[in-house]
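Just so we're on the same page: letters track the sequence lines, and every chain starts at 1.
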Amino acid sequence: MAKLITPRSEDYSRWYTDIVLQAGLADYSPVRGCMVIRPLGMALWENMRAELDRMFRETGHENAYFPLFIPESFMHKEKEHVKGFAPECAVVTHGGGQKLEEPLVVRPTSETIIYAMYAKWIQSYRDLPLLLNQWANVVRWEMRTRLFLRTMEFLWQEGHTAHATEAEAEEEAVRMMNVYDTFAREFMAMPCLKGVKSDAEKFAGALRTYCIEALMQDNKALQAGTSHNLGQNFAKAFEVKYQSESGGIEYVWNTSWGVSTRLIGALVMAHSDDQGLVLPPRLAPTQVIVVPIYKENEREQVVAAMNRIVAILSPHVRVKGDARDGMRPGFKFNEWEMKGVPLRLEVGPRDLAAGQVTVARRAVREGTAAKQSVSIDSLADVVPGLLEEIQKDLYDQALKRRDANTHTLDSYDEFKKVIEEKGGFLLAHWCGGVECEARVKEETKATIRCIPLQGDLAAVPGVCLVCGGPSPRRVYFARAY
RNA sequence: CGGGACGUAGCGCAGCCUGGUAGCGCACCUGCUUCGGGAGCAGGGGGCCGGAGGUUCAAAUCCUCUCGUCCCGACCA
């Protein structure tokens, strides 16, 4: 027994770290608070990025790139923004052996430098909407860090758009929240809540922040993506103006939205088990691993069969053969399970004699129910369907768990009890007051994760959990990462 | 920055209380036997015990200082 993963139930935090390190997603770096993303983690991010990029393009966006350094004065132009980000900014004061005239902030997010450029690019209503996205790294000087979930430097995408009207900007912000939700559901197999942040939780400088929130296996919530309606706050700060059709000068309306490598952490915490990483087939860098099983004199024949199978499947799925000699099959089984490969094909003399392979699904391990025999001739037809089935099962399982851990409550005492004993999403009435929100946070460590949108089932009036005042709708509370 | 713990081989740890010159598991290297769920045996390499100072004939062990890491809070994608 080489590598063991701490059981989830014993120490969730340790379990998570074990999986990230042992699956080979990432490693600690020599720089405190930073992280090295290893090839498996990067391949996963690249797959996420490819799908997101496609979705961004389908909604009319293009990629661009803006500088890492932001003049410090830019950060000060929007007062809420600087208040929110100044404490966590890394600042460059020297360059080329000399003290800089004006310090440069390493971007914690790029609104300021992007809208400074937009001011130059936008003159007329004909220049709108301007819909750009950039893939970049950002730096935030965090006190405490955790692999993928919160590191001082992380990779993300940030979309920044400018529109002629408030309605268009609002539509865009909601659209991108929905894009994120669709991505999480269809590719990560991760169900999310959608909604608006309370004022206390919204982005520094935004009018309104939309978000998707997912529930992890320890029943804590994770903010998986945000989309902000920035109103005209940045347009006014950076003089982003255009001449309208009627000839008047108007400020533009902006949105910004982003997801980060935190999604990899979300993926780990959403699906993995005590055997290691579990990856949804649509994002798995390797979807199928073929493991040959042989005695010394059978090697040549079995490895040839393995290569044949890889060749048959290659046009249809991301498949690899593991012909490493001197390792027993059981070791390879465990290793690929730890790395989260959704489907394993075992090929041995017994299978070959019958013209078939043994197929094992990653996420189900108990008993032999997880294994089945499939004829080699039908592999190309069967395997893609199996992968889709796994993808669907992962989602169903996550949704079932999320729903089972969402509680509708009306009593504050019960709320405190449930948050302490069970966790999960607590759907309760809130009057909208900052005092009530702060009191819940203070007393239970739970925050409002999101306020469901109009038309949601939760939009039924009631009385506030804390003060008993009128409440327009229930909101989702949870303890969060 | 407050509260707690820990620094001994690549990783995980024991040894410390009661000082005597460093050990275990995994990983790594070599050989043989193995190979349908983390192989067995034999042999081998690898450490200024986080750093500095002190006590002592003698310090991983006792004392002082220092540096670093992790966990719990405040902050956060």
From the options [options], select the nucleotide whose nearest atom is closest to the side chain of [X].
| X | options | answer |
| --- | --- | --- |
| A:I293 | B:rC35, B:rG73, B:rG38 | B:rC35 |
| A:P349 | B:rU34, B:rG36, B:rA74 | B:rG36 |
| A:D351 | B:rA77, B:rG36, B:rC75 | B:rG36 |
| A:K295 | B:rC35, B:rA77, B:rG73 | B:rC35 |
| A:K441 | B:rC75, B:rC35, B:rG38 | B:rC75 |
| A:M338 | B:rG73, B:rG38, B:rC35 | B:rG38 |
| A:K371 | B:rG37, B:rA77, B:rC75 | B:rG37 |
| A:R350 | B:rG37, B:rA74, B:rG36 | B:rG36 |
| A:E296 | B:rG12, B:rG37, B:rC35 | B:rC35 |

Distance check, [atom1] atoms only: [N] and [M], in whole angstrom units.
| N | M | atom1 | value |
| --- | --- | --- | --- |
| B:rA42 | B:rC26 | P | 12 Å |
| B:rA14 | B:rU56 | C1' | 26 Å |
| B:rG10 | B:rC16 | P | 23 Å |
| B:rU30 | B:rC49 | C1' | 29 Å |
| B:rC32 | B:rG37 | C1' | 24 Å |
| B:rG3 | B:rA9 | P | 30 Å |
| B:rG50 | B:rG68 | P | 16 Å |

Mind jotting down which residue pairs meet the ring-ring contact (aromatic ring centres under 6.0 Å, His included) criterion with at least one end in residues 191-221 of chain A? Sequence neighbours excluded, please.
A:H81-A:F203, A:F85-A:F203, A:F203-A:H228
Mate of [N] where both pairing distances stay under 3.5 Å, Watson-Crick or G-U:
| N | result |
| --- | --- |
| B:rG10 | B:rC26 |
| B:rU61 | none |
| B:rG45 | none |
| B:rG36 | none |

How many Å lie between CD on A:E298 and C1' on B:rU34, as a whole number?
13 Å
Interatomic distance, A:M327 CE vs B:rG36 P [rounded to whole Å]
14 Å
Students often get this wrong, so: under 4.0 angstrom with heavy atoms, is [X] touching a base, only sugar-phosphate, or nothing?
| X | value |
| --- | --- |
| A:G348 | base |
| A:R344 | base |
| A:E346 | base |
| A:F85 | nothing |
| A:S13 | nothing |

Given RNA chain B, 5'-ward residue of the pair A:G84 and A:P329, judged by closest heavy atom
A:P329
Confirm from the modelled atom types if A:E337 and B:rG37 form a donor-acceptor pair under 3.5 Å, side chain to base only.
yes
Going by the side-chain contact (heavy atoms from CB on, under 4.5 Å) test, name the single residue among A:I448, A:I419, A:L427 that passes it with A:F477.
A:I448
Of A:R401, A:M269, A:R402, which meets side-chain contact (heavy atoms from CB on, under 4.5 Å) against A:M216?
A:M269
Short side-chain donor-acceptor distance under 3.5 Å, A:Y294 and A:D325:
yes
Does a side chain donor of either A:T255 or A:N229 reach within less than 3.5 Å of an acceptor in the other side chain?
no
Under the salt bridge (charged side-chain N to carboxylate O under 4.0 Å, His left out) criterion, do A:R361 and A:D393 qualify, and how do the steps go?
CA-CA 11 Å; A:R361 289 178 52 155; A:D393 287 353; 2.9 Å; yes
So is the aromatic ring of A:W156 stacked onto the base of B:rA77, judging by whether the centres are under 5.5 Å apart and the planes are under 30° apart?
no
Throw together a table of side-chain donor-acceptor distances under 3.5 angstrom for residues 433-442 of chain A, partners on residues two or more places apart or in other chains.
from   : atom 1 : to     : atom 2 : distance (Å)
A:E437 : OE2    : A:S198 : OG     : 2.4
A:R439 : NE     : A:E443 : OE1    : 3.4
A:R439 : NE     : A:E443 : OE2    : 3.0

Is there a side-chain contact between A:R328 and the phosphate of B:rG37, meaning an N or O under 4.0 Å from OP1 or OP2?
no
Can the positive tip of A:R146 be found less than 6.0 Å from the middle of the six-membered ring of A:Y481, inside 45° of the ring normal?
no
Count the heavy atoms belonging to other residues, nucleotides or ligands that lie under 6.0 Å from CZ of A:R14, then report whether that count exceeds 12.
no
With the criterion being N/O to N/O and under 3.5 Å, what pairs connect the protein with nucleotides 4-11 of chain B, and how long is each?
none

